Structures are given as C-alpha cells and as structure tokens.
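See below for the structure under consideration.
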Amino acid sequence: LSPMTTSSDIILSARNISVSYQGVPAVQGVNLDIHKHQVTSFIGPSGCGKSTILRCFNRLNDLIRGVKISGQITLAGENLMTLHPAAVRRRVGMVFQRPNPFPNSVYDNIALGLRVNGYRGNIDDRVEESLRRAWLWEEVKDQLKRNALALSGGQQQRLCIARAIALHPEVLLMDEPCSALDPIATMRINELIQSLRQELTVVIVTHNLQQAAYVSDYTAFFSTNEQRIGQMVEFGVTYELFRAAQEQRTLDYIEGRL
Ligand code: ADP
C-alpha cells in the first residue's frame, strides 16, 4: 500500500482470514484492504478461494453448513463478524453469476426488497432512481409491470444490480457477474461498474482478465499453494500488476501460462 493510504480510505479490511468447509481448508491467511470508492477485482484460477473471500464480506458463508472462518474483517472500522448478518447485507450488496431476478414484475423486483427492509420513503421514486443508476430506466420505464424474466440476460443482470443498490449499500460485491452474458452486454456492465464507483465501492470476482484490467483500480491475484489451499498471492494497483507483476505466479497467470 502506498504511504498516502489512510484508514479512512479503507472500507473493508481482512486480516489473516482463513476459511474451511467441513474441516477442509479452502483459503488461508488472506490480508487485504478494500479501498473506498474504488473497484477491486479478484482474479486467479478456479478453486483458489476468490468467491469464498467475497462471501465473507457480506456474511454469506454463514449460511453454508460446516464452514469455519478465522481472522478479522472490519467494515468501516467495525468488526463485521459481530454485526447482525442482515445489517451487514443491507450495507454490502451482492450480485451473482447468473442473473436471478424474482419471477415478478420489474417494479416489484426492487419494491419488494425495499418493503422487506422497512424502507419508509417513496417507493416509486426509489425504484426509478435505482433503475436509472443501473442504466436500465430508459429501456424499462414503459414496462415496469412486465415480468422480469422476459428481459434479456444483460437487462436482467442490470435489474439485479438495481435491486442490490436500491438500499444504498456502501459496497457492492459481484461474483463473475458477466460470465453468462454476451460481449456487448458485458461491455455495458463494465461501463456501469466504473460509473458506480462514484457512489459506492465495488469488489468483483472475474475470470475475464480484460474485464479486470478495464474496470478495476486494484487487483488481487489468488492461487493455490503446494497443498492446494487457496491464498492471495499478490495485490496491487491494477495498472501496475498487469504491467509488472512482482510474483512469477501472477505473471504466469496474466500471460496465460497457468
Ligand atoms: P474460486 O472462487 O476461486 O473459484 P471458491 O471460493 O469457489 O474458489 O472455492 C475454494 C475452495 O473451496 C474450492 O476447493 C471449493 O471446492 C471449496 N468450496 C467452495 N464452496 C464450498 C462449499 N459450499 N462447500 C464445500 N466446499 C466449498
């Protein structure tokens, strides 16, 4: 980290995080700071713990049986492990690999979440605002009652982003959000991610190196060690990591030898 970094620039901080499933270690010893209002990407081969670490950031691993997490994570300076999981998930939203809108109207996809969370403002206004922030409003403003499953894949994923940001979370986690999308839909989402950075912090797992290079300010490279346990190998400013990685394993991955 550069000497200019102060703790107020850091929204999420992981210290010595290790996760095991049913006693089998998945990822070990991760130390990582996520910078506020920046995009951080997690890259690396499959099975090295990228999604596992992402899920720690909104307590989603809590829902998996037999999971054990050690280490410390802070969210804006608070111990994330002792906050209420529902409160964490309001502050840290998530978008998944496959678009997963509810089989309801476009409008209800956003309105239901607002109501469940006790939102007291004007729901119509917040639905419109969320759809605008997700760059979907112009395409759906005349079909808010239409079933969300009738939208294209790219539109469905932008709807899921709108739903995830409707409660104004501080962080948006994205787990390979474009792997089911075509290149044009992917490009729209890449541009959207860059624009979201003005309002919140994004952490994205991606297999697509072009996407990581294009959208992210910081990149963390994950791999597995000799015992096949995941670890974070290198973290840096995306531009520098892609131009001159410090670790041979990062270089090999970026240059396609892994
Ligand atoms: P990545 O996102 O880098 O592909 P994951 O975090 O999905 O890696 O997985 C890391 C390791 O943890 C893998 O060995 C995977 O099989 C294991 N794992 C992930 N999720 C579960 C789960 N729900 N139950 C058991 N093992 C899991």
Side-chain angles (χ1 to χ4, degrees), residues 12-34 39-73 80-81 85 88-89 92-100 157 160 164 171-181 186 189-190 193 201-213 215-216 218-236 238 241-242 245 247-258:
L12 280 164
S13 178
R15 288 291 169 272
N16 201 20
I17 294 297
S18 299
V19 182
S20 62
Y21 297 101
Q22 285 93 31
V24 181
V27 58
Q28 274 179 351
V30 173
N31 290 296
L32 177 64
D33 284 334
I34 302 294
V39 180
T40 298
S41 60
F42 291 178
I43 62 169
S46 289
C48 54
K50 303 181 298 296
S51 301
T52 294
I53 294 296
L54 198 72
R55 288 197 298 264
C56 287
F57 287 156
N58 75 341
R59 300 280 301 269
L60 220 53
N61 285 326
D62 294 19
L63 307 173
I64 298 173
R65 279 183 55 185
V67 72
K68 189 166 176 297
I69 304 168
S70 64
Q72 199 194 26
I73 301 178
L80 185 135
M81 308 294 202
V88 171
R89 288 179 207 131
V92 184
M94 181 110 168
V95 171
F96 298 89
Q97 195 166 355
R98 298 218 150 257
N100 59 348
Q157 196 60 306
C160 292
V171 182
L172 181 63
L173 309 176
M174 310 180 96
D175 196 350
E176 297 193 49
C178 298
S179 59
L181 304 182
T186 298
I189 295 210
N190 285 346
I193 292 169
T201 302
V202 179
V203 186
I204 175 173
V205 171
T206 180
H207 275 117
N208 179 337
L209 291 181
Q210 270 178 316
Q211 180 173 47
V215 303
S216 67
Y218 292 90
T219 295
F221 172 67
F222 287 74
S223 190
T224 45
N225 63 14
E226 303 74 35
Q227 289 84 42
R228 315 196 76 191
I229 302 170
Q231 54 179 195
M232 194 187 81
V233 173
E234 186 164 356
F235 175 86
T238 297
L241 189 126
F242 275 83
E247 298 286 333
Q248 187 60 40
R249 278 188 291 169
T250 316
L251 275 174
D252 287 346
Y253 183 76
I254 289 172
E255 290 171 9
R257 291 190 294 267
L258 262 182

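When a ligand or atom number is given, it counts from 1 through the structure's own listing order. Just so it is clear, the model here is predicted, and its values are computed rather than measured.
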Side-chain (Ser20) to main-chain (Ala26) donor-acceptor, under 3.5 angstrom
no
heavy-atom search around atom 7 (O) of ligand 1 in the protein gives Ser51 CB, 3.9 Å
Side-chain donor or acceptor of Gln97 paired with backbone N/O of Pro177 under 3.5 Å:
no
Considering Phe42, Phe222, Tyr21 one by one, which has a heavy atom nearer to atom 25 (C) of ligand 1 than any of the others?
Tyr21
Which option out of Gly49, Gly44, Pro25 puts a heavy atom nearest to atom 10 (C) of ligand 1?
Gly49
So, regarding Thr52 and ligand 1 (criterion: nitrogen or oxygen to nitrogen or oxygen, under 3.5 Å), is there a contact or not?
yes
For atom 3 (O) of ligand 1, closest protein heavy-atom neighbour:
Lys50 NZ, 2.8 Å
Between Lys68 (side chain) and Gln22 (backbone), is there a donor-acceptor pair under 3.5 Å?
no
Judged by non-hydrogen atoms, does Gly47 sit under 4.0 Å from ligand 1?
yes
Considering all protein heavy atoms, does one lie under 4.0 Å from atom 22 (C) of ligand 1?
yes
Regarding Asn190 and Gln211, do their side chains bring together a donor and an acceptor under 3.5 Å, going by distance alone?
yes
Go through the side-chain N and O atoms of Thr40 and Ser216 and say whether any donor and acceptor fall under 3.5 Å apart.
no
Heavy-atom distances under 4.0 Å decide this one: backbone, side chain, both or neither, for Ile64 against ligand 1?
side chain
Return yes if some donor-acceptor pair links the side-chain N/O of Arg15 with the main-chain N/O of Val30 below 3.5 Å, else return no.
no
Under 3.5 Å donor-acceptor, Arg55 side chain and Asn61 backbone
no
Would the Phe235 and Phe221 ring centres measure less than 6.0 Å apart?
no
Among all protein heavy atoms, pick the one closest to atom 11 (C) of ligand 1 and tell me residue, atom and distance.
Ala26 CB, 3.7 Å
With backbone taken as N, CA, C and O and side chain as the heavy atoms from C-beta onward, which portion of Arg55 lies under 4.0 Å from ligand 1: side chain, backbone, both, or neither?
side chain
Atoms of ligand 1 under 4.0 Å from any heavy atom of Cys48, numbered from 1 in the order shown, are 1 (P), 3 (O), 8 (O)
Could you check whether any side-chain N or O of Ser18 sits under 3.5 Å from a backbone N or O of Gly29, counting only pairs where one atom can act as donor and the other as acceptor?
yes
Would you say atom 16 (O) of ligand 1 touches the protein, meaning some protein heavy atom is under 4.0 Å from it?
no
Return a yes/no value for Ser46: is any of its N or O atoms, backbone included, closer than 3.5 angstrom to an N or O of ligand 1?
no
